[in-house]
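Okay, so here's the structure we're looking at.
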Amino acid sequence: MENLISLVNKIQRACTALGDHGEASALPTLWDSLPAIAVVGGQSSGKSSVLESIVGKDFLPRGSGIVTRRPLVLQLHKSDEGSREYAEFLHLQRKRFTDFSAVRKEIQDETDRETGQTKQISSVPIHLSIYSPNVVNLTLVDLPGLTKVAVEGQPDTIVQDIENMVRSYIEKANCIILAISPANQDLATSDAIKISREVDPAGERTIGVLTKIDLMDKGTDAVDILEGKSYRLKFPWIGVVNRSQADINKNVDMIAARRREREYFASTPEYKHLAQRMGSEYLAKVLSKHLETVIKSRIPGIQSLINKTVAELETELSRLGKPIAADAGGKLYTIMEICRLFYQNYREHLDGMRSGGDKVYNVFDNQLPAALQRLQFDKQLSMENIRKLITEADGYQPHLIAPEQGYRRLIESTLVTIRGPAEASVDAIHSILKDLVHKAMNETPELKQYPALRTEVGNAAMESLERMREQSKKATLQLVDMECCYLTVDFFRKLPQEADKGGNPSQSIFDRYNEAYLRRIGTTVLSYVNAVCAGLRHSIPKSIVYCQVREAKRSLLDFYYTELGKLEQNRLSALLNEDPAIMERRSALAKRLELYRNAQAEIDTVAWPSRMVKPSFFHL
């Protein structure tokens, strides 16, 4: 089974490569949920020496003032016994450093690339991995040393800037604080203890390390601190003896330095009883074991975050749509599929599965009947107009029984006014169908992905609807014209019968132009027109549905499909031109999703065994 710390190291490196860490996002990320150890201390507290003792190599820049000016994320990987030691930087992938003096120079150079050759600091971390059979699996974050005053070449805000940077790491609940304090200074003035106490008052996340024990004044010792009497933490204090500057100048190797450290604690009477839990080797083992314990305790929370994030990323990728196919056939298929999805949404509106189709029925059931009822026939059926049309229709030969031509002219001039409501109904349905196109387009995420295709499909749909409107208007007005050009025969056959029943056959033809006679003609014409309106109220919707609604459901994009098949690949590519920001976003999300899925699988592999009940003595 892969070591938990190695697994977390791998995930952290992947997170960093994708920018999926707290520096890049204000949202909780996988990086934030992974435990790490932050090394905190004042300038010249011995932080660098402690780290080099843990690693067993000279690899950190040295000097006076602020040497660590960027966070250094140091990941130690224990390799097989006898394998070669090497280091890798994340910003120089696939380049291995076997000369650790070159590692020191690269840290300095990379710092200068970000901050310039000044004494400025930067919160952008440097990521370094060291592979060696002589290290334990561990992740440490070396932070700039806390300071109390700004020196020449530094901004006045440097003190607060460093403190803010340190806090950004150690305030996280998953951060283990490695507080480095020099033994030859009063612990009450320790920068590391002061800031760790503020973020971890109970000392539950803080491991205290006391450096420079061998440099304390004669007659003094650090026993009270190391035994937890001066300042108690949850975990025992660990004392270390670093190499002196003279040792460093003489290139005393780490093996010799560790041997001297062990001898110092074993031979010094004050620390002899504590020797078993002192020294940099013991510190490295404690940190590794504790980090692994913390990681195990955080696994459920990490899994929960990963599962939630995977679901969110999948949803977001689905919303952004699939990437574009490379070949012409694939592009054509993509366009046709997007058009199909849009068309499906459009038909669902008309069929009632989505809102909007009910507005069509409202036109037929309310707007058209109301428009027909609002028609005013007073002008066409006024006494003056009736007399005028009847006499004009008679010409030089007055009618004998009924004024047939007069009736025709009256009816035609009255029925022609129905064209207005009929045409208005066609336009109302056209407007509804256009609105539904816009709705369906907005409900098709794939069209938002490709603005050029969206415009093209929208224009094609509008052109089809316009053709359907013209056809519908022509057919609907023809219904009105049919009523005008051919009158119902039964209507005329009733006229002589009515004359026989109520009239006087011996009455003079010229007397028939009196007001009562003309009023009866107007009443008869109005009755006929109302009957025609009642029929058109049912036939006009049928015509409109047949020519517009039915055709929109059947062939809205048929003409576009025909033209689409004739397009060349460059034109198809132009239709699928995507917003570069969306393409970049999809690519980033896909990589992040792959990272989280891999992390999900690997952590699940580790999590299941850790949940198994360990066998007791009686099971052995």
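Please read all numbers here as calculations on a predicted model, not as lab measurements.
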For S122 and T115, test the side chains for any donor-to-acceptor distance below 3.5 angstrom and give the result as yes or no. no
Which heavy atom of [X] sits nearest to which heavy atom of [Y], and what is that distance?
{"X": "L415", "Y": "V480", "answer": "O-CG1, 3.6 Å"}
{"X": "L368", "Y": "P421", "answer": "CD1-O, 4.0 Å"}
{"X": "R354", "Y": "E443", "answer": "NH1-OE1, 3.2 Å"}
{"X": "C339", "Y": "L557", "answer": "CB-CD1, 4.1 Å"}
{"X": "A475", "Y": "S543", "answer": "CB-OG, 3.6 Å"}
{"X": "L465", "Y": "Y346", "answer": "CD2-OH, 3.9 Å"}

Any side-chain to backbone donor/acceptor pair from Y546 onto E551? Under 3.5 Å, distance only. no
Counting N and O atoms only, with roles assigned by atom type, does the side chain of S168 sit under 3.5 Å from a partner on the main chain of M165, one being a donor and the other an acceptor? yes
Does a salt bridge link E594 with R597, judged by any charged N lying under 4.0 Å from a carboxylate O? no
With a cut-off of under 6.0 Å to the ring centre and 45° to the axis, is R454 in cation-pi contact with Y450? no
Distance under 6.0 Å and angle within 45° of ring axis: K172 vs Y169: yes
Restricting to side chain to side chain contact (heavy atoms under 4.5 Å, CB included), what partner residues turn up for E110, sequence neighbours left out? R70, H91, E106, R113, I126
Please identify each residue that fulfils side chain to side chain contact (heavy atoms under 4.5 Å, CB included) with S539, with sequence neighbours left out. L479, L536
If you apply the rule side chain to side chain donor-acceptor pair (under 3.5 Å), what do you find for R467 with S464, and how did you get there? CA-CA 5 Å; R467 288 192 296 270; S464 292; 3.1 Å; yes
Pairwise distance OG(S129) to CD(Q75) - rounded to 0.5 angstrom: 4.5 Å
Rounded to the nearest 0.5 angstrom, the NE2-CG distance for H438 and D435 is 6.5 Å
